[in-house]
Amino acid sequence: MTDSPRVRIAPSPTGPLHIGTARTALFNYLFARHTGGTFVLRLEDTDQARSSIAYEKDILDGLHWLGLTWDEGPEVAGEGARGPHGPYRQMERLPLYAAAADRLLAADMAYRCYCTAEELDADRKAQEAAKLPPRYVGRCAALTADERAAREAEGRRAAVRFRVGDGLVAFDDIVRGHVEFDAANLGGDFVIVRGDGSPLYHFTVVVDDAAMQISHVIRGEDHLSNTPKHILLFRALGYPEPRFAHLPLILNADRTKMSKRKSQTAIADYIAEGFIREALVNYLALLGWATGTEEEVLSIDEIVERFDLDSVHKGGAVFDRERLEWLNGQWIRRLAPDDLIERLRPFIEAEHVAGRIDWIPSDDELRAILPVVRERLPTLGSIGDLAGFLWVRSVAVDTAVLVPKRWDPATTRDGLTAARSTIAAVGEVAFEADELEPPLRALAEARGWKAGDLFMAIRVAVTGRTATPPLFDTIVALGRERTLERLDRATEALASG
RNA sequence: GCCCCCAUCGUCUAGAGGCCUAGGACGCCACCCUUUCAAGGUGGAGAUCAGGGGUUCGAAUCCCCUUGGGGGCACCA
């Protein structure tokens with residue numbers, strides 16, 4: 001019988017959750033859920049200088065937010081993990097790496113290296129000058145016991161290097177097919193344990209993937225060239241090799257690997273802008289994978305159902321924010337009203353904190369305008385721009401935009417005054433869009449105005465903007481008194497200006 | 001420099017030898033709807049399938065070469 005798949009996402013808490021990490025996590029999640037496998041989260045925090053609890057929190061929070069639940073691993077930053085293969089933070093697994101390194105040392109598959117940073121640096125510069133590929137020269141590969149003792153006596157600390165050996169290393173990558181490397185091109189014996197005793201990535205990843213019984217290593221293509229090193233380590237340690245699947249990279253607009261410098265890479269920044277999880281997941285799934293049908297707007301469950309590693313692409317995919325925004329709009333329109341309101345809350349509160357609105361609307365107020373704002377929201381964060389005028393005491397009206405192109409100031413003043421009377425004539429109880437439109441249209445017709453011009457003058461007067469939700473719904477949301485007051489203010493501004 | 005990977009509209013992609021005079025989506029343009037802005041609808045521009053050789057009756061699809069792009073070569077992950 002074949003065991004069910006075990007996959008993992010192994011982020012390093014050395015920076016905020018990156019789009020690329022989220023995508024890799026998503027594909028692991030999709031594969032695990034589609035196959036009924038197990039999804040593990042492991043924190044690779046061996047770079048103590050760069051790791052921090054704040055980043056760990058950002059990463060865990062981000063993955064939770066995306067809805068990528070894992071079966072084993074830490075749930076909350078800084079707290080314990082669950083699962084039978086713990087601990088799941090590498091700094092808590094140090095004894096395992098030490099034992100594995102000792103085994104390799106004892107079998108002479110690894111050796112102590114006493115080279116100093118200066119020596120290594122000089123080697124590297126010489127190789128560079130000679131236009132040779134960088135590679136460890138093997139200075140410590142065959143030290144005698146006496147030579148070692150001499151270096152120890154000097155107080156030099158030893159790193160541990162793995163003997164790469166020679167021969168071909170081949171494997172069948174699920175997305176790339178047969179790939180092979182000549183061990184001679186791996187850059188020589190590489191360090192697996194630092195001079196201070198802390199283990200390095202290539203080593204820990206193998207020890208842990210073996211210990212956690214990972215069956216499929218699904219990761220970014222940037223790891224493809226590292227894979228032979230890992231395979232050699234699996235073999236040296238006597239562990240079975242997992243299957244590998246290297247995903248295409250997510251690219252900047254210039255087709256280089258997506259980077260913070262050239263693109264917005266932090267998931268937290270997308271969340272802060274008001275992208276919703278459904279859209280982000282949907283979008284990310286479609287970068288490097290497609291259903292093979294014309295379906296594009298898919299929920300995570302629908303994606304799980306259709307997902308297949310074999311149909312993942314080989315070529316990198318440029319991150320296209322416009323397409324993400326389109327999908328975000330699609331998903332915002334699909335949310336249930338109360339769900340949308342709940343998700344809008346933090347953004348409205350942020351507007352309030354920033355002083356851009358004077359008060360926070362109630363659920364009922366929000367629910368009332370939802371039908372006319374939802375299709376105008378590319379992101380949740382655009383709620384302020386779109387409807388903020390509803391929640392301020394007064395709006396700033398620029399008299400230059402208040403006067404419609406075909407009108408002059410006098411006509412505008414006349415129009416606003418007449419509109420005020422017309423709107424005032426609509427009683428408080430009948431204050432609905434259907435009651436407002438007919439008399440205002442009649443007014444325009446009676447005075448020989450184009451309805452659009454009248455409406456635009458009113459729109460700017462009551463909202464301060466030229467692009468708004470439908471005018472009559474807007475006026476109703478604003479309420480009779482506030483509408484009349486804003487019309488008065490605008491008329492005054494026109495008179496004095 | 002060395003090794004490895006990749007290559008269909010601007011972008012994401014469909015396409016696994018004949019169904020392709022290459023389909024869809026985003027974006028763009030036009031029109032319709034319309035009080036603005038959106039959303040929606042319809043239509044359009046946009047790819048000699050990187051180029052060149054093969055294989056085949058037939059190639060975007062298979063093979064080779066070239067070109068281009070990317071990734072990796074740390075006591076980072």
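Here is the naming used below: chain letters follow the sequence lines, and residue numbers restart at 1 for every chain. Atom set for the values below is all heavy atoms of this structure, side chains included, hydrogens, waters and symmetry mates excluded.
Going from atom CG of A:Leu287 over to atom P of B:U13 covers 6 Å, rounded to whole Å. When the C1' atom of B:U13 is taken as reference, atom CG of A:Asn282 falls 14 Å away, rounded to whole Å. If you take CG of A:Leu327 and C1' of B:C26, they are 9 Å apart, rounded to a whole angstrom. Atom CG in A:Asp196 sits about 8 Å away from atom C1' in B:C75, given to the nearest Å. Atom CG of A:Leu416 and atom P of B:U35 are 19 Å apart (whole Å). Between the NZ atom of A:Lys314 and the P atom of B:G15 there is a distance of 12 Å, given to the nearest Å. For A:Trp326 and B:G10, the CH2 to P distance is 20 Å, given to the nearest whole Å. In this structure, the CG atom of A:Asp47 is 13 Å from the P atom of B:C75, given to the nearest Å.
Checking B:A38, B:A77, B:C26 against the side-chain heavy atoms of A:Glu322 singles out B:C26 as nearest. Distance from the side chain of A:Val179 is smallest for B:C5 among the nucleotides B:C12, B:U35, B:C5. Listed nucleotides: B:G10, B:A77, B:G71. Nearest to the side chain of A:Leu249: B:G71. Of the candidate nucleotides B:C37, B:A77, B:U13, B:A77 has the atom lying nearest to any side-chain atom of A:His202.
A:Thr256 comes within 4.0 angstrom of sugar-phosphate atoms only, judged by non-hydrogen atoms across all strands, and of no base. A:Leu377 comes within contact range of no nucleotide atom at all, as no heavy-atom separation falls under 4.0 Å. Across all strands shown, A:Phe181 has heavy atoms under 4.0 Å from sugar-phosphate atoms exclusively, and none from any base. Within the 4.0 angstrom heavy-atom criterion, no nucleotide atom of any strand lies near A:Glu295. In this structure, A:Pro470 reaches the bases: a heavy-atom distance under 4.0 Å links it to at least one base atom across the strands shown. Contact annotation for A:Arg161: backbone-only contact, meaning every heavy-atom pair under 4.0 Å involves sugar-phosphate atoms and none involves a base. If you check every strand for non-hydrogen atoms under 4.0 Å, A:His246 touches nothing. Looking at heavy-atom distances under 4.0 Å, A:Ala159 makes contact with a base. At a threshold of 4.0 angstrom between heavy atoms, the contacts of A:Phe472 include nucleobase atoms, whether or not backbone atoms are also involved. Within 4.0 Å (heavy atoms only), A:Gly195 reaches at least one base atom of the nucleic acid. As judged by a 4.0 angstrom heavy-atom cut-off over every strand, A:Glu296 is placed among the base-contacting residues. Note on A:Thr46: only backbone sugar-phosphate atoms sit closer than 4.0 angstrom, heavy atoms only; bases stay farther off. Heavy atoms of A:Glu180 sit under 4.0 angstrom from primed sugar atoms or phosphate atoms, though from no base atom. Looking at heavy-atom distances under 4.0 Å, A:Pro248 makes no contact with the nucleic acid at all.
In this structure, A:Arg459 is not positioned above the aromatic face of A:Phe455 in the sense of NZ or CZ being under 6.0 Å from the six-membered ring centre and within 45° of the axis.
With the nearest nucleotide of RNA chain B identified for both A:Thr468 and A:Gly288, A:Gly288 has the one nearer the 5' end. When each of A:Glu221 and A:Lys229 is assigned the nucleotide of RNA chain B bearing its nearest heavy atom, the one mapping closer to the 5' terminus is A:Glu221.
Note on A:Arg124: every side-chain N or O is 4.0 Å or more away from OP1 and OP2 of B:C75. Look at A:Arg321 and you won't find any side-chain N or O under 4.0 angstrom from OP1 or OP2 of B:U11. One finds no side-chain N or O of A:Arg135 lying less than 4.0 angstrom from the OP1 or OP2 phosphate oxygen of B:C73. Between A:Arg374 and B:A38 there is no side-chain polar atom (N or O) within less than 4.0 angstrom of OP1 or OP2. In this structure, A:Arg156 does not reach the B:C75 phosphate: none of its side-chain N or O atoms is under 4.0 Å from OP1 or OP2. Checking the phosphate oxygens (OP1, OP2) of B:A77, no side-chain nitrogen or oxygen of A:Gln48 falls inside 4.0 Å.
The stretch residues 453-461 of chain A comes close to RNA chain B through A:Phe455, A:Met456, A:Arg459, each having a heavy atom under 4.0 Å from the strand.
If you check distances only, the side chain of A:Arg333 never reaches the base of B:A39 with a donor-acceptor pair under 3.5 Å. A donor-acceptor contact under 3.5 Å is formed by the side chain of A:Ser225 with the base of B:G71. Counting distance only, with no hydrogens placed and no angle test, the side-chain atoms of A:Arg376 and the base atoms of B:C37 include a donor-acceptor pair under 3.5 Å.
Between B:C5 and B:U42, the two P atoms lie 45 Å apart (nearest whole Å). B:G44 and B:C26 have their P atoms separated by 15 Å, given to the nearest Å. The C1' atoms of B:G58 and B:A25 are separated by 31 Å, rounded to the nearest whole Å. Nucleotides B:U13 and B:G41 place their P atoms 24 Å apart, quoted to the nearest Å. Spacing between B:G23 and B:A14 at atom C1', rounded to whole Å, works out to 6 Å. Here, B:G52 and B:A16 have their P atoms 24 Å apart, quoted to the whole Å. Going from the C1' atom of B:G10 to that of B:A47 covers 11 Å, rounded to whole Å. Taking the C1' atom of each, B:C37 and B:G71 are spaced 44 Å apart, rounded to whole Å.
Two rings, from A:Phe203 and A:Phe190, have their centers 6.0 Å or more apart.
Judged by distance alone, the side chains of A:Thr293 and A:Thr291 do bring a donor and an acceptor atom under 3.5 Å apart. Between the side chains of A:Asp208 and A:Thr204, no donor-acceptor pair is found at a separation under 3.5 Å. Checked by atom type, the side-chain pair A:Gln330/A:Glu278 shows no donor-acceptor distance below 3.5 Å. Remark: the A:Asp189 side chain and the A:Tyr111 side chain contain an N/O donor-acceptor pair separated by less than 3.5 Å.
Counting heavy atoms from C-beta outward, A:Arg194 and A:Arg157 have side chains that stay 4.5 Å or more apart.
Remark: A:Glu119 CD is packed, more than 12 non-hydrogen atoms of other residues, nucleotides or ligands lying under 6.0 Å away. Applying the 6.0 Å contact sphere to CZ of A:Arg112 captures no more than 12 heavy atoms from other residues, nucleotides or ligands.
Across all non-hydrogen atoms, the minimal contact from A:Ala461 to A:Leu487 is CB-CD2, 4.0 Å.
A parallel orientation is assigned to the rings of A:Phe171 and A:Phe181, their planes being inclined by less than 30° (bins at 30° and 60°).
Figure legend. B:G1 is base-paired to B:C73; pairs are counted as Watson-Crick or G-U wobble with both atom distances under 3.5 Å. Taking a pair to require two hydrogen-bonding distances under 3.5 Å in either a Watson-Crick or a G-U wobble arrangement, B:C26 pairs with B:G10. Of the nucleotides present, none pairs with B:A39 by Watson-Crick or G-U wobble criteria with both distances under 3.5 Å.
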Is there a salt bridge (Lys or Arg N to Asp or Glu O under 4.0 Å) between A:Glu44 and A:Arg8 once you walk through the steps? CA-CA 12 Å; A:Glu44 309 217 324; A:Arg8 49 54 168 196; 5.6 Å; no

